[in-house]
Amino acid sequence: MISNTTDAVAVTTVKVSGQPGRYTFSVTLRSDDIGCDAYADWWEVITSTGELRYRRILAHSHVDEQPFTRSGGPVPIDPTEVVIVRGHFADKQTDRPGYGAIALKGNVNEGFQTVEFSVTLAPEIATQPPLPTSCAF
């Protein structure tokens with residue numbers, strides 16, 4: 001079962017490069033990874049209304065690399081579109097899986113600010129592809 005939010009993963013920084021409609025996002029996450037049984041398994045870009053625009057699958061845990069940054073794209077947005085960048089945590093051992101409560105919200109032109117969600121926006125997105133198929137380590 002996917003819970004509403006978790007403190008096991010937080011997005012701390014977002015950097016964007018590229019051009020409108022094809023941006024690359026470099027996202028830094030802090031997570032409570034312990035291995036494949038509990039780790040940050042993706043970060044994603046969603047609209048403020050909850051539409052998935054991009055998801056970057058994380059193929060392994062980052063136990064010894066905290067915080068860590070991974071890039072992905074192209075993200076199909078325009079420079080003034082407000083989006084939310086949030087992380088997801090897979091936890092097979094406890095009831096903590098779900099989207100992180102700490103995310104970043106903003107746009108390419110004005111930058112991103114930390115936001116805290118008390119209720120997850122669009123939890124149904126968690127079942128939309130792409131989804132992780134395995135964890136390497």
Side-chain angles (χ1 to χ4, degrees):
M1 179 181 144
I2 296 173
S3 62
N4 285 343
T5 60
T6 176
D7 61 358
V9 61
V11 175
T12 62
T13 308
V14 172
K15 295 180 181 176
V16 182
S17 61
Q19 57 190 351
R22 298 190 50 80
Y23 288 109
T24 297
F25 277 54
S26 292
V27 176
T28 301
L29 299 128
R30 178 216 36 88
S31 61
D32 294 342
D33 292 18
I34 60 168
C36 287
D37 285 341
Y39 76 106
D41 57 347
W42 72 68
W43 60 260
E44 65 190 17
V45 178
I46 64 171
T47 66
S48 57
T49 58
E51 178 186 343
L52 179 64
R53 289 299 179 95
Y54 179 83
R55 179 175 290 149
R56 169 63 154 87
I57 302 299
L58 303 171
H60 60 84
S61 63
H62 296 85
V63 176
D64 297 322
E65 182 186 1
Q66 291 293 325
F68 65 96
T69 302
R70 294 297 178 270
S71 297
V75 180
I77 61 170
D78 67 58
T80 60
E81 183 176 2
V82 175
V83 294
I84 298 162
V85 182
R86 64 183 180 176
H88 186 270
F89 195 80
D91 192 336
K92 298 174 184 173
Q93 297 180 335
T94 71
D95 62 355
R96 293 189 319 167
Y99 286 106
I102 305 297
L104 269 65
K105 182 177 182 178
N107 66 43
V108 174
N109 283 353
E110 298 175 10
F112 292 84
Q113 301 295 320
T114 300
V115 292
E116 185 169 347
F117 290 100
S118 58
V119 178
T120 297
L121 175 63
E124 68 279 2
I125 291 175
T127 60
Q128 291 181 8
L131 295 170
T133 57
S134 64
C135 175
F137 54 88

**Q** List in chain and number order the residues that pass ring pair (Phe, Tyr, Trp, His ring centres under 6.0 Å) with Tyr23, two or more places apart in sequence or in another chain; answer none if no residue qualifies.
**A** none
**Q** Please identify each residue that fulfils side chain to side chain donor-acceptor pair (under 3.5 Å) with Thr13, with sequence neighbours left out.
**A**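 Checked Thr13 against side chain to side chain donor-acceptor pair (under 3.5 Å); zero matches.
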**Q** Show every side-chain hydrogen bond (donor to acceptor under 3.5 Å, both in side chains) that has at least one partner inside residues 128-137, sequence neighbours left out.
**A** none
**Q** Got a sec, which residues hit side chain to side chain donor-acceptor pair (under 3.5 Å) with Thr12, two or more places apart in sequence or on another chain?
**A**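 If we apply the side chain to side chain donor-acceptor pair (under 3.5 Å) test to Thr12, skipping adjacent residues, there are no hits.
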**Q** Could you please spell out the steps behind the side-chain contact (heavy atoms from CB on, under 4.5 Å) verdict for Arg86 and Glu44?
**A** CA-CA 6 Å; Arg86 64 183 180 176; Glu44 65 190 17; 2.8 Å; yes
**Q** Is it true that a side-chain atom of Gln66 and a backbone atom of His62 form a donor plus acceptor pair closer than 3.5 Å?
**A** yes
**Q** Going by ring-ring contact (aromatic ring centres under 6.0 Å, His included), Trp43 matches just one of Tyr54, Phe89, Phe68, Tyr99. Which one?
**A**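 With Trp43 as partner, Tyr54, Phe89, Phe68, Tyr99 yield a single ring-ring contact (aromatic ring centres under 6.0 Å, His included), made by Tyr54.
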**Q** If you look only at pairs with a residue in residues 9-58, which of them pass as a disulfide bond (SG atoms under 2.5 Å apart), with sequence neighbours excluded?
**A**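 Qualifying pairs, neighbours excluded: Cys36-Cys135.
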**Q** Sequence neighbours left out, what pairs pass salt bridge (charged side-chain N to carboxylate O under 4.0 Å, His left out) with at least one residue falling in residues 56-66?
**A** Glu65-Arg70
**Q** Does Glu51 have any side chain to side chain contact (heavy atoms under 4.5 Å, CB included) partners at least two apart in sequence or in another chain, and if so, which?
**A** Thr47, Arg53
**Q** Going by the rule side chain to side chain contact (heavy atoms under 4.5 Å, CB included), which residues pair with Asn109 if we only count those two or more places apart in sequence or in a different chain?
**A**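 Applying side chain to side chain contact (heavy atoms under 4.5 Å, CB included) to Asn109 gives Pro79, Thr80, Asn107.
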**Q** Quick one: list whatever passes side chain to side chain donor-acceptor pair (under 3.5 Å) with Ser26, sequence neighbours left out.
**A**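 Testing Ser26 for side chain to side chain donor-acceptor pair (under 3.5 Å), a comparison that skips the adjacent residues, returns Ser71.
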**Q** Between Val9 and His88, is there a side-chain heavy-atom distance shorter than 4.5 Å?
**A**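 Contact flag for His88/Val9 side chains = no.
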**Q** Flag yes if Phe112 and Val82 sit in one hydrophobic cluster, no otherwise; membership is Ile, Leu, Val, Met, Phe, Trp, Tyr, and two members link when side-chain heavy atoms are under 4.5 Å apart.
**A** no
**Q** State which residue, out of Ile84, Val85, Val83, fulfils the side chain to side chain contact (heavy atoms under 4.5 Å, CB included) condition with Ile46.
**A** Ile84
**Q** Tell me, yes or no, whether the heavy-atom count around Glu124 atom CD, taken from other residues, nucleotides or ligands under 6.0 Å, exceeds 12.
**A**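 Enclosed.
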**Q** Listed by chain and number, what are the side chain to side chain contact (heavy atoms under 4.5 Å, CB included) partners of Ser61, not counting sequence neighbours?
**A** Asp33, Tyr39, Val63
**Q** With sequence neighbours left out, write down each residue that passes side chain to side chain contact (heavy atoms under 4.5 Å, CB included) with Ala10, or none if nothing qualifies.
**A**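 Ala10 satisfies side chain to side chain contact (heavy atoms under 4.5 Å, CB included) with Arg30, Ile102 only.
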